[in-house]
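Letters A, B, ... are given to chains in the order of the sequence lines, protein chains preceding strands, and every chain is numbered from 1.
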2 protein chains.
Amino acid sequence: MQRAPRPVVDGSSAGELDSDFSTAVTRLYRRLRAEKADDQIGDSHRAVLAHLVKDGPRTLRELSDHEHVTPPSMNQTVNALAEWGFVERRGDPDDGRKVILVATPIGAALIAETRRRRYAWLNAQLEALSVSERRLLSAATGIINRIADS
Amino acid sequence: MQRAPRPVVDGSSAGELDSDFSTAVTRLYRRLRAEKADDQIGDSHRAVLAHLVKDGPRTLRELSDHEHVTPPSMNQTVNALAEWGFVERRGDPDDGRKVILVATPIGAALIAETRRRRYAWLNAQLEALSVSERRLLSAATGIINRIADS
DNA sequence: TATTGTTATACTCTATAACTATA
DNA sequence: TATAGTTATAGAGTATAACAATA
């Protein structure tokens with residue numbers, strides 16, 4: 001069997017990147033989740049609430065698209081957030097089918113407080129990087145978001 | 001209440017990065033999982049099998065440390081892989097307590113085949129990037145792995 | 001008919017607690 | 001006593017299928 005050609009190893013060819021990059025993202029995701037384990041609110045719930053706080057009210061469909069989960073799945077997440085008093089369901093005056101999800105003041109406060117506490121571990125890792133490495137990660141963050149949204 | 005100071009916005013300060021970076025990683029993880037959904041083998045199982053194929057035999061503890069999950073959790077993953085014939089359990093001749101997990105030829109073939117098929121979506125996204133953006137992501141991959149391992 | 005949201009249900013992954021075997 | 005692995009069980013998050021209400 002012929003070996004796959006791998007002339008370039010600096011990451012400038014896409015074939016080199018895919019599995020390495022994918023694996024790295026997956027492993028960091030698990031690590032982040034492990035670090036943030038015993039928090040008030042789970043990771044999925046927090047992501048949705050933070051999105052609502054940051055970017056304003058959204059419909060269920062918009063939320064499920066944004067987080068790349070199915071509408072029923074998002075509905076359960078929203079149910080929990082509503083039960084806890086962190087979001088409110090409001091009808092859309094223009095379209096009776098739609099439901100607008102809005103973060104409550106309590107929800108916004110939770111996100112603010114969580115941000116202060118929650119990223120302690122990651123923040124420490126980032127502090128340990130050089131300035132140029134942080135700039136690099138910052139630039140990578142933009143690219144990663146673009147890929148996630150495409 | 002006083003606003004948190006945010007003089008630098010180019011990502012060179014760690015405080016800017018934490019939540020943005022964390023959110024980006026989480027969202028890309030979900031997107032990757034959504035893309036890879038109907039595959040022969042789940043994401044967690046694949047990661048373990050790929051690790052064994054790439055880096056050779058490992059003990060259960062080594063695997064659970066590497067993937068940042070608990071040993072019982074990893075044990076279930078390994079049980080499934082063993083049932084499917086993708087890994088084999090072997091005793092350690094030097095330490096009767098240890099079990100060495102080894103990828104079988106079938107397991108290695110699955111990873112090879114999966115690599116060809118599985119990253120189609122991500123690969124297409126990466127192809128669409130410029131060479132310098134790919135270099136940037138490649139460099140970021142190293143940093144991400146370092147953070148995940150620390 | 002198509003779209004939005006919802007309910008019911010099941011599956012995957014991971015965790016904690018408790019146990020066995022070996023060092 | 002400590003460590004490696006395992007079993008039993010539970011919880012979180014997500015998916016699919018089926019349904020209701022509105023456009």
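Across the interface with DNA chain D, nearest-nucleotide mapping of A/G96 and A/T70 shows A/T70 to be the residue nearer the 5′ end.
Of the candidates C/dT4, C/dT16, C/dT22, C/dT4 carries the atom nearest the A/R61 side chain, counting heavy atoms from C-beta on. Side chain of B/P72, nearest nucleotide from D/dA15, D/dT7, C/dT14: D/dT7. Out of C/dT14, D/dA15, D/dT6, the shortest distance to the side chain of A/V69 is found at D/dA15. Distances were taken from every side-chain heavy atom of B/R97 (C-beta onward) to each of C/dT4, D/dT7, D/dA2; the shortest belongs to D/dA2. For B/D95, the listed nucleotide lying nearest its side chain is C/dT22; candidates were C/dT7, C/dT22, D/dG13. Minimum atom distance to the side chain of B/P71 is reached by D/dT6, of the listed D/dT6, D/dT14, C/dA15. Of the listed nucleotides (C/dC13, D/dA4, D/dT22), C/dC13 has the atom at the smallest distance from the side chain of B/S44.
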Carefully, step by step, assess A/E88 and A/R90 under the rule salt bridge (Lys or Arg N to Asp or Glu O under 4.0 Å). CA-CA 6 Å; A/E88 241 184 61; A/R90 292 188 193 160; 3.4 Å; yes
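Ionic pairing of A/R97 and A/D92 is not present here: no N-O contact between side-chain nitrogen and carboxylate oxygen is shorter than 4.0 angstrom.
Atom CD1 in B/I41 sits roughly 16 Å away from atom C1' in C/dC11 (whole-Å rounding).
OP1 or OP2 of D/dT6 lies within a sub-4.0 Å distance of a side-chain N or O belonging to B/N75. Contact check, B/H45 against C/dT12: no side-chain N or O comes under 4.0 Å of OP1 or OP2. Under 4.0 angstrom from either OP1 or OP2 of C/dT14 there lies at least one side-chain N or O belonging to A/R30.
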Sequence neighbours excluded and cut-off under 3.5 Å, please list the side-chain donor-acceptor pairs for residues 69-76 of chain B, or say none.
| unit_1 | atom_1 | unit_2 | atom_2 | d |
| --- | --- | --- | --- | --- |
| B/N75 | OD1 | B/R89 | NH2 | 3.0 |

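Ring pair B/H66/B/H51 is parallel by interplanar angle, where below 30° counts as parallel and above 60° as perpendicular.
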